[in-house]
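Since the structure comes first, as structure tokens, the remarks are kept for the end.
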Amino acid sequence: MSSAVGEKTITRVPLVDLKRQYHSIKGEVDSAIQDVLESQAFILGPQVKEFENLFASYCNTKHAIGVSSGTDALLLALKSLGIGDGDEVITSPFTFFATVGSICNTGAKPVFVDIEPESFNIRPDLIEKCISKKTKAIIPVHIYGQCADMDPILEIAKKHDIRVIEDSAQAIGAEYKDKKSGSIGDLGCFSFFPSKNLGGLGDGGMITCSSDELEELIYMLRIHGGKPKNYYSIIGINGRLDTIQAAVLIKKLGHIELWCEKRREKASYYSQKMKELDLATPETMSFNKHVFHQYVIRTKERDRLMEHLTANNIGTAVHYPVPQHLQKCLAHLGYKEGDLPEAENAAKEIVSLPIFPEITKEEQDYVINSINNFLSTSNN
Ligand SMILES: Cc1ncc(COP(=O)(O)O)c(C=O)c1O
């Protein structure tokens with residue numbers, strides 16, 4: 001099978017192609033790296049602060065603190081709230097393991113709440129009955145690039161005097177009721193993993209907040225907890241954002257709105273072309289502006305569809321195959337199959353299709369035709 005683009009015939013489509021983005025802004029990226037090389041200021045050089053300021057202003061928060069990864073952003077955010085041994089943190093099972101691993105690494109216990117099948121995000125109306133005396137925070141995860149329904153979550157948090165940390169790793173630029181993700185809860189955590197919508201050249205992350213007290217604590221925790229240097233009243237980690245990453249991310253941040261818009265356009269093209277097909281396309285909640293970090297469809301034929309797409313050289317993935325409450329390392333928490341049915345069903349039926357700002361219409365047509373062919377043969 002193939003799809004023609006002018007002279008060129010499409011015969012493969014990657015899940016994501018980072019080279020295209022790099023080549024579209026190569027001059028900016030290369031010169032940003034060169035500047036850092038010339039300065040040799042690799043650790044907390046001036047670009048880190050500059051990027052933090054730009055990021056805070058992009059997200060509409062008072063502060064942003066550059067850190068070493070999205071995972072460390074979550075860990076440091078939890079630590080800044082004093083969360084540790086004996087505490088409980090409520091979150092979604094339908095996330096990347098880092099959300100949960102970070103909770104466990106503070107010594108706290110994750111408590112899982114099932115998801116809404118339409119948005120794949122945590123179901124606010126199920127949260128309250130999971131709150132105990134030990135609950136210290138809720139981490140809603142803005143999965144695939146659209147925000148969880150934050151108002152009822154904030155209301156519950158206020159009522160029980162607990163904090164809200166947004167896991168915005170997949171949702172830079174996403175909006176909930178005109179508010180940017182990361183500016184809604186007490187703290188927002190972002191990832192600059194290379195394939196994220198704002199991707200670095202390696203690991204990187206950011207924490208957003210508007211509390212001066214939390215900002216100061218996170219700055220300390222990011223450098224082992226020392227203030228002044230070599231004097232430690234708290235225990236932190238080595239969790240800084242590299243200057244090279246910050247320098248490159250400053251340049252990339254200038255393009256993020258356009259890239260988000262392109263992702264929305266590509267997603268809308270897929271959805272429009274697939275609306276007659278026997279599968280579920282993503283839903284955007286009325287209060288949300290989605291940034292489509294992933295474009296995820298649902299079908300009971302998921303595994304066979306993936307095999308078919310792979311045979312046609314189309315990149316796909318399952319984000320994520322095991323809902324976190326069923327991970328082996330968390331068996332001691334006592335969750336079993338059937339406890340969180342919406343997350344479990346979704347994990348069996350989801351598949352992520354290729355999406356990135358530079359994907360062409362012809363590539364998308366190739367993907368759509370492939371799916372179409374599969375469905376028409378599998379229904380017969
Ligand atoms: C929802 C979610 N949370 C946390 C992370 C962790 O980010 P990182 O890979 O930068 O540590 C990721 C990304 O990988 C993620 O998708």
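Counting convention: from 1, in listed order, for ligands and their atoms alike. Everything numeric here is computed off the predicted structure, so don't read it as measured data.
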Practice problem: Using a cut-off of 6.0 Å, state whether more than 12 heavy atoms not belonging to N238 lie near its atom CG. | Solution: yes
Quiz item: Thinking salt bridges, do K19 and D17 make one under a 4.0 Å N-O criterion?
Solution: no
Quiz item: What residues form a side-chain contact (heavy atoms from CB on, under 4.5 Å) with D203, not counting sequence neighbours?
Solution: S69, F193
Self-check item: Sequence-distant partners of Q47, side-chain hydrogen bond (donor to acceptor under 3.5 Å, both in side chains), two or more places apart
Solution: none
Quiz item: Out of R20, K266, R12, which residue meets the salt bridge (charged side-chain N to carboxylate O under 4.0 Å, His left out) rule with E363?
Solution: R20
Which N or O atoms of ligand 1 sit under 3.5 Å from a protein N or O, and how far apart is each pair?
unit_1: ligand 1; atom_1: 3 (N); unit_2: D167; atom_2: OD1; d: 3.2
unit_1: ligand 1; atom_1: 3 (N); unit_2: D167; atom_2: OD2; d: 2.8
unit_1: ligand 1; atom_1: 7 (O); unit_2: S191; atom_2: OG; d: 3.4
unit_1: ligand 1; atom_1: 10 (O); unit_2: G70; atom_2: N; d: 2.8
unit_1: ligand 1; atom_1: 10 (O); unit_2: S191; atom_2: OG; d: 2.7
unit_1: ligand 1; atom_1: 11 (O); unit_2: G70; atom_2: N; d: 3.3
unit_1: ligand 1; atom_1: 11 (O); unit_2: T71; atom_2: N; d: 2.8
unit_1: ligand 1; atom_1: 11 (O); unit_2: T71; atom_2: OG1; d: 2.5
unit_1: ligand 1; atom_1: 14 (O); unit_2: K196; atom_2: NZ; d: 3.0
unit_1: ligand 1; atom_1: 16 (O); unit_2: Q170; atom_2: NE2; d: 2.9
unit_1: ligand 1; atom_1: 16 (O); unit_2: K196; atom_2: NZ; d: 3.4

Self-check item: Contacts of type ring pair (Phe, Tyr, Trp, His ring centres under 6.0 Å), residue F192, not counting sequence neighbours
Solution: F51, F55
